[in-house]
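All remarks here apply to the structure that follows.
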Amino acid sequence: DEALSYAMESLAMRKCCLPSYHTTIIHTMKAIGQYHEDEGRWQEAEKYFFDAHEITVKYVPKTHTSYAFSLLHLGVYWDTQSEYDKALDH
């Protein structure tokens, strides 16, 4: 998991140097979530996807494309997990 180690280090550095709402942090969290999903670690993936979405909801206007993609990403993730009620909400 060397790739994950680098991604986690990158996230820590970005959180240290950038405001918590910076899109780079959001994208890095989604990338880490995607890594976990690809490895079959669904709970870890969901945590990163949801945390990234929470930042997006808090700081990004609902009219921004990043907000729409965040909703789409969560909806697709939950659909793949057969959590249709959650998917329909996003």
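The model shown is predicted, which means the values in this text are computed figures rather than measured ones.
Taking CG from L71 and NE2 from H53, the interatomic distance works out to 5.0 Å, rounded to the nearest 0.5 Å. Taking CD of E83 as the start and CG of L74 as the end, the distance is 11.0 Å to the nearest 0.5 Å. Note that OG1 of T56 and CG of D51 are 10.5 Å apart. Values are rounded to the nearest 0.5 Å. Residue K30 holds its NZ atom at 6.5 Å from OG of S66, rounded to the nearest 0.5 Å.
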I'd like a table of donor-acceptor pairs (distance under 3.5 Å, sequence neighbours excluded) in which one partner is a side-chain atom from residues 2-13, with atom names and distances.
from: E2; atom 1: OE2; to: Y6; atom 2: OH; distance (Å): 3.0
from: S10; atom 1: OG; to: R14; atom 2: NE; distance (Å): 3.4

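Scored by the salt bridge (charged side-chain N to carboxylate O under 4.0 Å, His left out) test, K15 finds no partners at all (sequence neighbours excluded). For T23, there are no side chain to side chain donor-acceptor pair (under 3.5 Å) partners two or more places apart in sequence or in a different chain. Under the rule for a side chain to side chain donor-acceptor pair (under 3.5 Å), the partners of T24 that lie at least two apart in sequence or sit in another chain are H22. Judged as a salt bridge (charged side-chain N to carboxylate O under 4.0 Å, His left out), and not counting sequence neighbours, D38 has no contacts. By the salt bridge (charged side-chain N to carboxylate O under 4.0 Å, His left out) test, E37 pairs with no residue at all, sequence neighbours left out. For Y59, the ring pair (Phe, Tyr, Trp, His ring centres under 6.0 Å) criterion is met by Y21, not counting sequence neighbours.
No path of Ile, Leu, Val, Met, Phe, Trp and Tyr side chains, each step under 4.5 Å between heavy atoms, connects I55 with F50, placing them in separate hydrophobic clusters. No continuous path of hydrophobic side-chain contacts links M29 to F69 [ILVMFWY only; heavy atoms under 4.5 Å].
Nearest approach of Y67 to P61, heavy atoms of both residues: CB-O, 3.5 Å. Smallest separation of non-hydrogen atoms from G33 and A45: O-CB, 3.2 Å. Of all non-hydrogen atoms in A52 and I26, the two that sit nearest each other are CB-O, 3.9 Å. Closest approach of W78 and E46 over heavy atoms only: NE1-OE2, 2.8 Å.
Sorted by first and then second residue, the pairs that involve residues 23-47 and meet ring pair (Phe, Tyr, Trp, His ring centres under 6.0 Å), not counting sequence neighbours, are H36-Y48. Among residue pairs with one or both ends in residues 53-65, none qualify as salt bridge (charged side-chain N to carboxylate O under 4.0 Å, His left out); sequence neighbours excluded.
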